[in-house]
Amino acid sequence: MDVDGPSWRGKLLPIPAVPSSVQLRAGRPAAETPPGQVGDACGHHQEGTTDEKMFTNLKEEGNQCVKDKNYKDALSKYSECLNINNKECAIYTNRALCYLKLCQFEEAKQDCDRALQIDNRNVKARYRRALAHKGLKNYQKSLNDLHKVLLLDSSIVEAKMELEEVTRFLNIKDNTASLNKHKERRKIEIQEVSAGHEEEPEGTSEEVSTDCLASEEGDPSYAPPEHYEKLLITKPNNAYEFGQIINALSTRKDKEACAHLLAITEPKDLPTLLSNKLEGDIFLLLIQCLKNSLIDKDPSLVYQHLFYLSKAERFKMMLTLISKGQKEQIDQLFDDLSDTPSEHFTLQDVQALKLQYEL
């Protein structure tokens, strides 16, 4: 002020105007956050995060229990998951797998029903429900589900194999009735007796492996155990008679009787007798009988049967359906044949035939 003199006021910058809306807000007290509101919001977020984390942990624990074949504990873990979130399809299909392993087919079906309500195109749910229906002997419903599985994904080999087996179960009553009528009429290629040992049917599967779901490689499948009278086999005269016999033997998994049937059947007649009826279960039964019952007794007969089997209709299709483990059985049969000297075939013959089996 001493420097500028009396005119100092004129040199000051103008004071900026404050908008009236700002002046009004400045006069009001700031809104207070109600006590506990911040804490509640944080609590809700924390609770959601905790449930999600617990769900993930339980699911992982359940999956590990399945890997360890501890299916009862896995059931408990998956059930706890569903108490937290009952909208995740995978939990239902995982729990259904455990029920299948424990032969609780009705519960498995119910879980698959719930999964399909969430996702109608879920292949696992559809496939496992087919297996549950099979275990309950609802073969037509199982067949319907397997058809839908293959419509969704035609590359699933296990579904194709199951389809063949379930179709055979559906037909077996008709085949048995037809067999009985044919026996009365012809006196008969098959005679039933009460005595003797019967082999238990063996289930084939690629997912489930339990006492009630026998498995070769580890997927869900079930062949209901049944008890049959032993069959006495005589030489079939035509494809119809052969088909009736081999279907009955396949259902019973009667390898001893099947080996006898092959022993009395001319190998060159095999393609004609099989006609267009060669199915996966029959194909594997023939291979097992050749490998386990005939290779030591008559390797020449085994070679001839393998040769003419490769000429049968649907042979190439069977090769596309069999699993890796089943191919290894065939490979072992050829190895045994190669190690067996014979006047009727050479090692080169065996190797050439092995190529026909895509080994």
Side-chain angles (χ1 to χ4, degrees), residues 157 160-172 174-176 178-179 182-183 186 188-190 201-202 204 223 231-295 297-323 326-327 329-331 333-334 337 345 349-350 352-359:
V157 174
K160 294 177 184 177
M161 298 291 283
E162 288 294 336
L163 187 64
E164 289 185 357
E165 188 171 17
V166 170
T167 300
R168 179 166 50 78
F169 282 141
L170 276 173
N171 293 334
I172 191 59
D174 293 338
N175 287 341
T176 303
S178 179
L179 256 175
H182 194 59
K183 180 175 75 171
R186 296 261 319 165
I188 181 91
E189 279 61 48
I190 297 182
E202 298 171 3
T204 56
L231 296 180
L232 294 178
I233 308 300
T234 57
K235 186 176 179 179
N237 296 312
N238 51 51
Y240 172 77
E241 292 176 6
F242 184 86
Q244 295 297 304
I245 297 169
I246 198 66
N247 281 333
L249 297 179
S250 178
T251 299
R252 300 160 186 245
K253 297 293 186 293
D254 192 340
K255 297 183 181 67
E256 182 181 351
C258 182
H260 177 62
L261 176 63
L262 290 175
I264 62 175
T265 299
E266 288 288 340
K268 64 182 177 59
D269 295 335
L270 200 57
T272 302
L273 293 174
L274 285 167
S275 183
N276 62 347
K277 306 301 183 187
L278 183 59
E279 303 291 349
D281 54 328
I282 294 174
F283 177 75
L284 293 173
L285 180 62
L286 295 175
I287 294 295
Q288 289 168 359
C289 292
L290 293 173
K291 180 177 183 295
N292 299 329
S293 302
L294 294 176
I295 186 68
K297 297 177 182 177
D298 194 343
S300 176
L301 181 66
V302 171
Y303 173 81
Q304 291 180 65
H305 271 310
L306 287 171
F307 178 82
Y308 284 104
L309 182 59
S310 70
K311 307 298 181 186
E313 202 172 330
R314 291 173 56 85
F315 170 74
K316 291 296 184 184
M317 180 180 291
M318 292 305 101
L319 296 182
T320 67
L321 293 177
I322 60 178
S323 68
Q326 291 158 351
K327 275 203 171 188
Q329 291 183 36
I330 303 173
D331 195 29
L333 173 57
F334 274 98
L337 203 57
F345 59 85
D349 293 332
V350 175
L353 183 55
K354 189 173 180 180
L355 292 176
Q356 295 298 315
Y357 283 76
E358 299 179 3
L359 298 173

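For the numbers below, each heavy atom of this structure counts, side chains included, while hydrogens, waters and symmetry mates do not.
Annotation for Ala259 and Ser293: closest pair CB-CB, 3.5 Å, computed over non-hydrogen atoms. Scanning both residues, Leu353 and Tyr303, for their nearest heavy atoms gives CD2-CE1, 3.7 Å. Nearest heavy-atom pair, Gln356 versus Lys316, reported as atom, atom and distance to 0.1 Å: O-NZ, 3.4 Å. Considering all non-hydrogen atoms of both residues, Thr167 and Leu163 come closest at OG1-O, 2.6 Å. Annotation for Leu262 and Leu301: closest pair O-CD2, 4.1 Å, computed over non-hydrogen atoms. Scanning all heavy atoms of the two residues, the minimum distance from Ser275 to Glu313 falls at O-CB, 3.4 Å.
Inter-residue side-chain proximity for Ile330 and Lys354 is flagged as unmet; no heavy-atom pair is nearer than 4.5 Å. Glu162 is listed as a side-chain neighbour of Glu165, based on a closest heavy-atom distance under 4.5 Å. At least one side-chain heavy atom of Phe345 sits under 4.5 Å from a side-chain heavy atom of Leu337. Between Leu333 and Leu306 there is a side-chain heavy-atom pair separated by less than 4.5 Å. Two residues are said to be in side-chain contact when any heavy atoms from C-beta on lie closer than 4.5 Å; Leu270 and His305 meet this criterion. Side-chain contact between Arg314 and Glu279: present, with at least one pair of heavy atoms (C-beta onward) separated by less than 4.5 Å. The shortest side-chain heavy-atom distance between Asp269 and Pro236 does not fall under the 4.5 Å cut-off. With a 4.5 Å cut-off on side-chain heavy atoms, Leu285 and Asp281 do not count as touching.
Here the straight-line distance linking atom CD of Gln288 with atom CG of Leu290 works out to 10.0 Å at 0.5 Å rounding. Here Lys268 contributes atom NZ and Leu273 contributes atom CG; the two are 9.5 Å apart, rounded to the nearest 0.5 Å. Here Ile282 contributes atom CD1 and Ile287 contributes atom CD1; the two are 13.0 Å apart, rounded to the nearest 0.5 Å. Atoms CG and OG1, on Leu286 and Thr265 in that order, are 9.5 Å from each other to the nearest 0.5 Å. Between Phe283 atom CZ and Leu309 atom CG the span is 5.5 Å, to the nearest 0.5 Å. Once rounded to the nearest 0.5 Å, the distance linking OG of Ser310 with CG of Leu355 reads 11.5 Å.
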May I have the step-by-step check of side-chain contact (heavy atoms from CB on, under 4.5 Å) for Met161 and Leu284, ending in yes or no?
-> CA-CA 11 Å; Met161 298 291 283; Leu284 293 173; 4.1 Å; yes
Give the C-alpha distance, both sets of side-chain angles, the deciding distance and a yes or no for side-chain contact (heavy atoms from CB on, under 4.5 Å) between Asn238 and Thr272.
-> CA-CA 8 Å; Asn238 51 51; Thr272 302; over 6 Å; no
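Between the side chain of Tyr357 and the backbone N or O of Phe334, no donor-acceptor pair lies under 3.5 Å. At distances below 3.5 Å, not a single donor-acceptor pair connects side-chain atoms of Asp298 with backbone N or O atoms of Leu294. At least one donor-acceptor pair under 3.5 Å links the side chain of Glu164 to the backbone N or O of Gly280.
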